[in-house]
Amino acid sequence: MILAPLALLVVQQEDPELERLIRLTYALYVGADAMPRPAIPLTPRLAATEAECARLRKRIGRPAAHKCGGNRDVLCQCTNPYDFAWTKIGVTVRYLDPTTAQAVIDIPPPRTEVPDGKPDVAWLFVRNDGQWAIADFGEYGRVPASYRDRLVSDIQAMRGQLKLPTWRYAGP
């Protein structure tokens, strides 16, 4: 879903606020001592998925260190976000419908973790009550390419290891 072809029909005028929020999120990397979370809220589903994955990872401990993203940051698709010119990112937003948008973030060199010609990160947004929220991230070069789907896969694997029943998101 998140990595749909980029030749999408634009069905809404640009929303400068969405691009501003994306740029603000990446600007927070400049001079930061720790990788910040987005300035944009997550959907309840993505927030619950991240929370469950983190809870299980903590419960299992070191053997689960690589689960739930490990030390790889979803916003830059890298392990060290401090060598990039975050103020020079390219942002292309395409509106799939009035309540759904996809943003493709092109991160300038030095990039060594993404094949040439591919955008670095895709974000999927949904608008609820007039506010944008992040529904998912596209992870290039990973299977599954959906960050949320990968977290769910990690959750199910950890729950299996702990002999717990399958996890299902129970929210809206």
Q. What do you reckon, is CD of Gln156 surrounded by more than 12 foreign heavy atoms closer than 6.0 Å?
A.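 Buried by this count: over 12 neighbours within 6.0 Å.
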Just how far is it from atom [atom1] of [X] to atom [atom2] of [Y], taken to the nearest 0.5 Å?
X: Arg148; Y: Leu42; atom1: CZ; atom2: CG; answer: 12.0 Å
X: Met158; Y: Leu151; atom1: CE; atom2: CG; answer: 8.5 Å
X: Ile134; Y: Ile22; atom1: CD1; atom2: CD1; answer: 8.0 Å
X: Arg59; Y: Leu162; atom1: CZ; atom2: CG; answer: 5.0 Å
X: Phe137; Y: Arg150; atom1: CZ; atom2: CZ; answer: 11.0 Å
X: Ile105; Y: Trp123; atom1: CD1; atom2: CH2; answer: 6.0 Å

Minimum heavy-atom separation for [X] and [Y], please, with both atom names.
X: Ala54; Y: Cys68; result: N-SG, 4.2 Å
X: Val93; Y: Val91; result: CG2-CG1, 3.9 Å
X: Ala122; Y: Gln102; result: CB-NE2, 4.2 Å
X: Ala135; Y: Thr43; result: CA-CG2, 3.7 Å

Common cluster, [X]/[Y], ILVMFWY with side-chain heavy-atom separation under 4.5 Å:
X: Tyr147; Y: Ile155; result: no
X: Leu46; Y: Leu56; result: no
X: Ile89; Y: Ile40; result: yes

Main-chain N/O of [Y] paired with [X] side-chain donor or acceptor, under 3.5 Å:
X: Thr100; Y: Leu96; result: no
X: Ser153; Y: Asp149; result: no
X: Asp154; Y: Lys67; result: no

Q.
Under the criterion salt bridge (Lys or Arg N to Asp or Glu O under 4.0 Å), I'd like the reasoning laid out for Arg45 against Asp136: C-alpha separation, chi angles, the key distance, then a yes or no.
A. CA-CA 9 Å; Arg45 183 178 189 159; Asp136 202 356; over 6 Å; no
**Q.** Stepwise side chain to side chain contact (heavy atoms under 4.5 Å, CB included) test for Phe125 and Thr99
**A.** CA-CA 8 Å; Phe125 293 91; Thr99 62; over 6 Å; no
Q.
Checking Arg127 against Leu18 for the side chain to side chain contact (heavy atoms under 4.5 Å, CB included) test, could you report, in this order, the C-alpha distance in whole Å, the side-chain angles of both residues, the deciding distance, and whether it holds?
A. CA-CA 10 Å; Arg127 187 193 308 250; Leu18 182 56; over 6 Å; no
Q: Output every pair passing side chain to side chain donor-acceptor pair (under 3.5 Å) with a member in residues 157-172, not counting sequence neighbours, ordered by first then second residue.
A: Glu52-Arg159
Q: Could you list who else is in Val126's hydrophobic cluster, with ILVMFWY side chains joined at under 4.5 Å, directly or through other members?
A: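 Besides Val126, the hydrophobic cluster comprises nothing; the residue is isolated.
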